[in-house]
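Shown next, in structure tokens, is the structure this report addresses.
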Amino acid sequence: MLNLETTRIPLFGFHDVVESSTNYGLDYETKKLEKFLEYLCKNDYWFLSTDDLKAYFLERSQKIPQKYIGKKAVLISFDDGYKSMYTQVLPLLRKLSQKYHKQLTVTLFVNSRFMTHEKSKKYATCEELKQGIESDFFDIQSHGWRHRRLTHLDPDQLTIELSKGQSILRSCLDDQANSHYSKTVSHIAYAYNDFNPSIQNSVARYYQSGYLYNHQIFKLGYNQNPYTLPRVRVTQKDTPEDLIKIAEFSSELTQNPQSYTGRMFFNIFADFL
């Protein structure tokens, strides 16, 4: 049986956010990001965190809150933990939250070493990340310790990359005001999109899920391996209208989300990316 009406949720992945276009293809302009996020706010999308995706759609251990029934959902993420998360993204989230009286949460996959390394001028510091956490604008998760290719590491190096990527972030976030974060940082996005099944057991020792870039949409019940969650990588060439078209593929949520029951897969993004 083929069920094409399965619950679909686009997971978007951005990198640095810049005032004006650059020569680096993964940079995205603030004004373009604002146009996309404003569309999501106007149409009352649910901005999922990584824990939301896990609890409501992967494990289905919790019922979808009634206030989200009939609405659509997306997950918006940013890799690497650039300084622009503090200078560009956080002010934009505050602005839209005030304008639309809506909670906007985005996920930051952060390389923990860069918060205090000599590169810190390019990356957000621990204190800057905390400012986004205080109002639940930021969901902080791991991108590894030093942004290394996991499949290129020996077992000891892999352990260090995974464990420090988690423990340093937890140490940063675990203060009196945010003590619950000491038990989180439970999800990872693979640096360089580098992952294979042989390292899954190592990743699973520290994280509950892992995110890839493969230009596919998350479908409930289709790809249930929590360590190969699909994201759409956003590049400089993608217009806000392109992203809106993808967001529109998100399903309207019901109390009992429908699962994929067929064997076929359709890459519905081929015309957009």
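The figures that follow rest on heavy atoms only: side chains count, while hydrogens, waters and symmetry mates do not.
Cation-pi check for Arg149 over Tyr192 is met; the charged atom lies under 6.0 angstrom from the ring centroid and within 45 degrees of its normal.
If you take NZ on Lys63 and CD1 on Ile69, they are separated by 10.0 Å, rounding to the nearest 0.5 Å. In this structure, SG on Cys126 lies 7.5 Å from CD1 on Ile133, to the nearest 0.5 angstrom. Rounding to the nearest 0.5 Å gives a distance of 6.5 Å between CD1 of Ile199 and CG of Asp194.
Looking at Phe137 and Gln103, their side chains come closer than 4.5 Å, going by heavy atoms from C-beta outward. In this structure the side chain of Phe138 never reaches within 4.5 angstrom of the side chain of Val110, judged on heavy atoms. Contact annotation: the side chain of Val106 never approaches that of Phe14 to less than 4.5 Å [non-hydrogen atoms, C-beta and beyond]. Proximity of Val232 to Ile217: side-chain heavy atoms (C-beta onward) are nowhere separated by under 4.5 Å. Within the 4.5 Å cutoff, the side chain of Thr50 has no heavy atoms near those of the Tyr207 side chain. Side-chain atoms of Leu129 and Met115, non-hydrogen and from C-beta on, do get closer than 4.5 Å to each other. Contact annotation: the side chain of Leu75 never approaches that of Arg231 to less than 4.5 Å [non-hydrogen atoms, C-beta and beyond]. The closest side-chain heavy-atom distance from Glu128 to Lys83 is below 4.5 Å.
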Checking side-chain hydrogen bond (donor to acceptor under 3.5 Å, both in side chains) for the pair Tyr100/Glu38: CA distance, chi angles, key distance, verdict? CA-CA 9 Å; Tyr100 291 98; Glu38 186 147 28; 2.5 Å; yes
Carefully, step by step, assess Asp139 and Thr105 under the rule side-chain hydrogen bond (donor to acceptor under 3.5 Å, both in side chains). CA-CA 7 Å; Asp139 165 33; Thr105 298; over 6 Å; no
Take Asp52 and Tyr68 through the test side-chain hydrogen bond (donor to acceptor under 3.5 Å, both in side chains) and record every step on the way to the result. CA-CA 12 Å; Asp52 290 334; Tyr68 297 123; over 6 Å; no
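A donor-acceptor contact shorter than 3.5 Å links the side chain of Tyr45 to the backbone of Ala247. Formation of a donor-acceptor pair under 3.5 Å by the Glu161 side chain with backbone atoms of His147 is found in this model. A side-chain donor-acceptor contact under 3.5 Å links Gln141 to the backbone of His187. Of the possible donor and acceptor atoms, one in the side chain of Ser251 sits under 3.5 Å from a partner among the backbone N and O of Arg8. Within the 3.5 Å criterion, the main-chain N or O of Val18 finds a donor-acceptor partner in the side chain of Thr30. No donor-acceptor distance shorter than 3.5 angstrom exists from the side chain of Ser171 to the backbone of Ser167, with no hydrogens or angles considered. Asn196 contributes a side-chain N or O that, together with a main-chain N or O of Ser198, makes up a donor-acceptor pair within less than 3.5 Å. In this structure a side-chain-to-backbone donor-acceptor pair under 3.5 Å is present from Lys72 to Glu248. Of the possible donor and acceptor atoms, one in the side chain of Ser77 sits under 3.5 Å from a partner among the backbone N and O of Phe12. Checked by atom type and distance alone, the side chain of Asn214 never pairs as donor or acceptor with a backbone atom of Pro230 at under 3.5 Å.
The two residues Tyr86 and Pro91 have their closest heavy-atom pair at O-CD, 3.3 Å. Here the closest non-hydrogen pair linking Tyr39 and Asn43 is O-ND2, 2.9 Å. Nearest approach of Pro10 to Ala73, heavy atoms of both residues: CD-O, 3.7 Å. Scanning all heavy atoms of the two residues, the minimum distance from Asn111 to Arg146 falls at ND2-C, 4.3 Å. Of all heavy-atom pairs spanning Glu34 and Leu92, the tightest one is CG-CD1, 3.5 Å. Among all heavy-atom pairs drawn from His143 and Ala189, the shortest one is ND1-O, 2.7 Å.
Of the charged side-chain nitrogens involved, at least one lies within less than 4.0 Å of a carboxylate oxygen, so that Glu241 and Lys35 count as a salt-bridged pair. Salt-bridge annotation for Glu127 and Lys130: present, with a side-chain N of the basic residue lying under 4.0 Å from a carboxylate O of the acidic one.
Taking Cys41 as the reference, nothing meets the disulfide bond (SG atoms under 2.5 Å apart) condition, with sequence neighbours excluded.
Residue pairs satisfying the side chain to side chain donor-acceptor pair (under 3.5 Å) criterion with at least one member in residues 9-22, sequence neighbours excluded, are listed as follows: Asp16-Ser84, Glu19-Gln88, Thr22-Asp27.
Side-chain rings of Tyr211 and Phe109 approach one another, their centers coming within less than 6.0 Å.
Ring geometry for Phe114 against Tyr123 counts as tilted: the plane angle lies between 30° and 60°, on a 0 to 90° scale.
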